[in-house]
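Notes for the one structure printed next.
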Amino acid sequence: MSDGTHMYFNTLRTDLPDIVLPTDPEYKEIAKAHLAFKAQQVKLEQSANEAKSAAPITDADTLELRSIFESDDQLLLPETDPYEVAVFVGNLNYVRKAPSAVCVPSTIQQVQLAVKWALSKNVHLTVKNGGHSYAGYCLNKGGLMLDMCRFKKVSINDAGTEVTIQGGCIWNDVYDSLKGRNLSNIIVGGQCPTVGVSGFTLGGGLSPFTRSYGLGIDNVLEMTVVTADGELLTLTRNETDTERRDLFWALCGGGGGNFAILLEFKSKVHSLRDPYAKVVCGPLSWDLSAPETRSQFEAAMKVFNDTVWPNELTVDAIWRYVGGKLMGEMTTIYNGNMKQCLEVIAPLLQFNPVNKLAEMGWHDWVVIEQGFDVKSPVYHTHASFIFGQGGITPEVTKAIITLVEDSTKLLNGRGKSHVLWDMAGGVDKDVSRDATPYYWRDGVYIANFKLQWMHPTMRPDMLKFMKRVRDTLNPYSLRGNASYVNYIDGAREDWQYAYYGENYSRLQQIKERWDPTNFFHFEQSIELPGFRKIPAPIYSNAPPKSLPPVFDTITHTSPVVFESDTTDIEPVVEVPDKESAAPEVTLLDQIAAIWDAFELPDPEKLWNLEDSEPSLEKVLMVLGGERVQATL
Ligand SMILES: Cc1cc2nc3c(=O)[nH]c(=O)nc-3n(C[C@H](O)[C@H](O)[C@H](O)COP(=O)(O)OP(=O)(O)OC[C@H]3O[C@@H](n4cnc5c(N)ncnc54)[C@H](O)[C@@H]3O)c2cc1C
C-alpha cells in the first residue's frame, strides 16, 4: 500500500477495484477504510503488547489479593506445599512456568473479583481445571493462576435428561454422580477420569460415545461464564442476540483459556442401548515383533480402515511397547452387548488378535494414563493429527510402526512412546464445519503421538524426533494440516489453521468483541484480528552484554530420583551418585537462570536453545528478537 496520497492497492473491500486512484470515485471511501484499519492495527498492537507484557505480582498485590481470598487455603504462595501441588501438572517440561500466586475461588464473586483485579493490575491470569493441557497452558509465568478445584458440584434434573457440571470437576466426579442415579446414564465425556470437564469441553470433547451422540460440545445446552471484564453471563444454544450467540459458539470448541472462565455447563444425558446397561470394552491386540502376527495386524488394519463401522462401535487404537514387545492394540468400546459386538467386529476377529473384550458397566471402564499424575516426575511432549475416512492406509500403518520402533530405540529404556487415536466419524460428521469452531467434522481418527522421557538431557533429541513425527504424518492428515486443539502441540507451526481451519477468522472477530485487550492469552491463544503473530514484548531493560549476577546465586536442587513408573515399560530408577549430586553449572542452567530473571513465559524457546550450542548472543536474540539484538 502507498502512503495514501497517490493510490491504494485495495485489499480491504472486495466490492471495490483492486487499484484505486485519487481520480476514482471510490478513492475517498477506500482511503477512510485504510486509515481506520491502520488505526485499529496500532490500537490492537498496543493492547496486545500491554497484555503480553503483564506485570509480575508484588507484595502489595498479594495483600490486595488477600482481601478477596482471605484464608490461607485460598491464596497459595510459592514455596508452600499446597502451591507446589497446585502448579505441578505432571510434566517437568513446565516446571519453569510458575505463577506468582494461585487463587482457589469458591464463589462466583471471587472469580469475578480476581478477573477484575488482574485486569486492573495488568497481571497475567490463567485458569486450571484438570491440569491436563499437553502444553501446560493452564500455567503462566509470574502471574495468577485460578485453580477451579472447588467448583465441584454435579446435579441432574428430575427427568434425568440434563446434567449441570461445575467447571472444576474432573470426569470422575461426573461419572460418580451419574452412577449413583442410574447405571444407564451416560454423558459425552472423557475416557480418562482425571481430565478436567472444562478443558475437555471448551476444546471440543471427544468421547467413546462421540460416534453415537456427537462431540461434547454438540451436547452442551448452556454455559455460565465470567468474561474478560468480569461480567457473569449465562448463555444458551438459543441466544437471539448476535454477540451472545457468537460467544456461545466460540466457547463450544474454540479452546480452553481463550474467551471466558467456564463456571458451569449443562449437557444432555443419554442412555446406553443395552437394557441391562452393559457395554463391551477391552483390547484386541497383536504382537508386532513377530513377523506372522505383524502381517495379520497389517491385514486387520487394512480391513479396519476400509470399513465404515456402525456408530455403536468405537475402535480407538494404541501402538506401544508392552514388556519389550511392540503391540498393536485396538481398544474396542461397543455400546451394546457381547453377542452384538462379536457380530459387528467379526471382520477383525478373523485376523486372530488376543481378545480381551469383556462385558461391563460403562463406569467400570475408565482409563488412567500415567504421565499426568502428580507422582510422575516425567517429561512429555505430543503431536496430533486428524485423519479422514480411509486415512490409515498401509503406508501410514508402516510409517507409524517405524516411528514407534525408532523412538523406542532412541529412548533406550529411559521413557516410552506411543501413538493412539480416538475414533470419531459417526453422527458428529453430519454436523456442518461452521456449526462450531471444531472444523474437522470429516475427521475419523484423532491421533496423538506421545514421547515421554525421564532425563532433561534427552529433551533436544526428543523434540527433534517429534519434528520428524510431524513431518512424516502431517501430509496424511486432512488437508495436510489437521490437528486437534485438545491434543494441543506447543511446537506446532500454523496451529491456527491446524486446529480451527476456516473458522479461525470468526474466532478472532469474537475475540475482539469479548476480549479486546487479549486478557486471556497463552502461546497459542486466539489472536486479535489482523495479528497473525503478536510480537514479543519489548524489554526496555534489555539484558546487559555480560552474564547477569543471577549466575552467582544459582542453586542446585538434587537430581530427580525417578519413582517407579507404573506402566508396562521397565522403569529406570536413577540413584544419584556423588558426582551427580553436585552437578556442574552448565550454560543451559545459566540460560535458564536468565529466563527466570526476566520472567519469560515461553519454555519452548528455551528448548530451542538446548538444541544447539547455546551462547549469550543466541539467548538475547531469542529474548527480544531483532529489537534487542539491535541494542547490543
Ligand atoms: C490422559 C489424557 C486423556 C485425554 N483424553 C481425552 C479424550 O478422551 N477426549 C478429548 O477430547 N480430550 C482428551 N484429552 C485432552 C484434554 O481434553 C485436554 O488436554 C484438555 O484441555 C484438558 O483439560 P483440563 O481441564 O484437564 O486441563 P487444564 O490444563 O486445566 O486446562 C486446559 C486449558 O483450558 C483452560 N481452562 C481450564 N479450565 C478452564 C475454565 N474453567 N474456563 C476457561 N478455561 C479453562 C486452561 O487455561 C488451559 O488453557 C486427554 C488428555 C490427557 C492428558
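Atoms within each ligand, like the ligands themselves, are counted from 1 in listed order. As the structure is a computational prediction, the values presented were derived from the model and not from experiment. Below, each value reflects all heavy atoms present in this structure, side chains not excepted, and no hydrogens, waters or symmetry copies.
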Just jot down the ligand 1 atoms closer than 4.0 angstrom to any heavy atom of [X], in number order.
{"X": "Gly199", "value": "20 (C), 21 (O), 23 (O), 25 (O), 34 (O)"}
{"X": "Ile261", "value": "42 (N), 43 (C)"}
{"X": "Lys128", "value": "30 (O)"}

So is [X] touching ligand 1 or not, going by heavy atoms under 4.0 Å?
{"X": "Ala260", "answer": "yes"}
{"X": "Gly203", "answer": "no"}
{"X": "Leu202", "answer": "yes"}
{"X": "Tyr484", "answer": "yes"}

Hey, is ligand 1 close enough to [X] that some N/O pair sits below 3.5 Å?
{"X": "Gly131", "result": "yes"}
{"X": "Leu206", "result": "yes"}
{"X": "Cys138", "result": "no"}
{"X": "Tyr134", "result": "no"}
{"X": "Cys192", "result": "no"}
{"X": "Ser198", "result": "yes"}
{"X": "Val195", "result": "no"}
{"X": "Gly196", "result": "yes"}

Give a yes or no on whether the backbone of His521 and the side-chain of His124 come within a donor-acceptor separation of less than 3.5 Å.
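The answer is yes, because a donor-acceptor pair under 3.5 Å joins these two groups.
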Out of Gly257, Pro208, Gly130, Ala135, whose heavy atom sits nearest atom 45 (C) of ligand 1?
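Nearest option to atom 45 (C) of ligand 1, by heavy atoms: Gly257.
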If you take the nearest heavy atom of each of Phe520, Phe200, Trp171, which one is closest to atom 10 (C) of ligand 1?
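Minimum heavy-atom distance to atom 10 (C) of ligand 1 goes to Phe200.
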Taking the six-membered ring for Trp and the single ring otherwise, decide whether the centroids of Tyr445 and Phe304 are under 6.0 Å apart.
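Between Tyr445 and Phe304, the centre distance is under 6.0 Å.
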Under 3.5 Å side-chain donor-acceptor pair for [X] and [Y]:
{"X": "Gln496", "Y": "Gln508", "answer": "no"}
{"X": "Asn503", "Y": "Arg433", "answer": "no"}
{"X": "Gln524", "Y": "Tyr499", "answer": "yes"}
{"X": "Thr331", "Y": "Asp316", "answer": "no"}

Side chain, backbone, both or neither: which applies to Ser133 and ligand 1 if a contact is any heavy-atom pair less than 4.0 Å apart?
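The part of Ser133 near ligand 1 is both the backbone and the side chain.
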Structural part of Asn129 in contact with ligand 1, heavy atom criterion under 4.0 angstrom
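Contact part for Asn129 vs ligand 1: both backbone and side chain.
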Pairing residues for Ser477 by the side-chain hydrogen bond (donor to acceptor under 3.5 Å, both in side chains) criterion, not counting sequence neighbours:
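Residues passing side-chain hydrogen bond (donor to acceptor under 3.5 Å, both in side chains) with Ser477: none at all.
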Set of residues satisfying side-chain hydrogen bond (donor to acceptor under 3.5 Å, both in side chains) with respect to Arg237, sequence neighbours excluded
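Arg237: no side-chain hydrogen bond (donor to acceptor under 3.5 Å, both in side chains) contacts found.
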Could you label the plane-to-plane angle of the Phe209 and Tyr213 rings as parallel, tilted or perpendicular, counting under 30° as parallel and over 60° as perpendicular?
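It falls in the tilted class, 30° to 60°.
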Mark yes or no: Arg414 above the aromatic ring of Trp453, with NZ or CZ under 6.0 Å from the six-membered ring centre and no more than 45 degrees from the axis.
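Not flagged: Arg414 not positioned over aromatic ring of Trp453.
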Would you mind telling me which of His270, Glu162, Lys266, Lys268 makes a side chain to side chain donor-acceptor pair (under 3.5 Å) with Asn219?
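Looking at His270, Glu162, Lys266, Lys268, the match for Asn219 under the side chain to side chain donor-acceptor pair (under 3.5 Å) is His270.
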Minimum heavy-atom distance Leu357-Val280, with the two atoms named:
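That would be CB-CG1, 4.0 Å.
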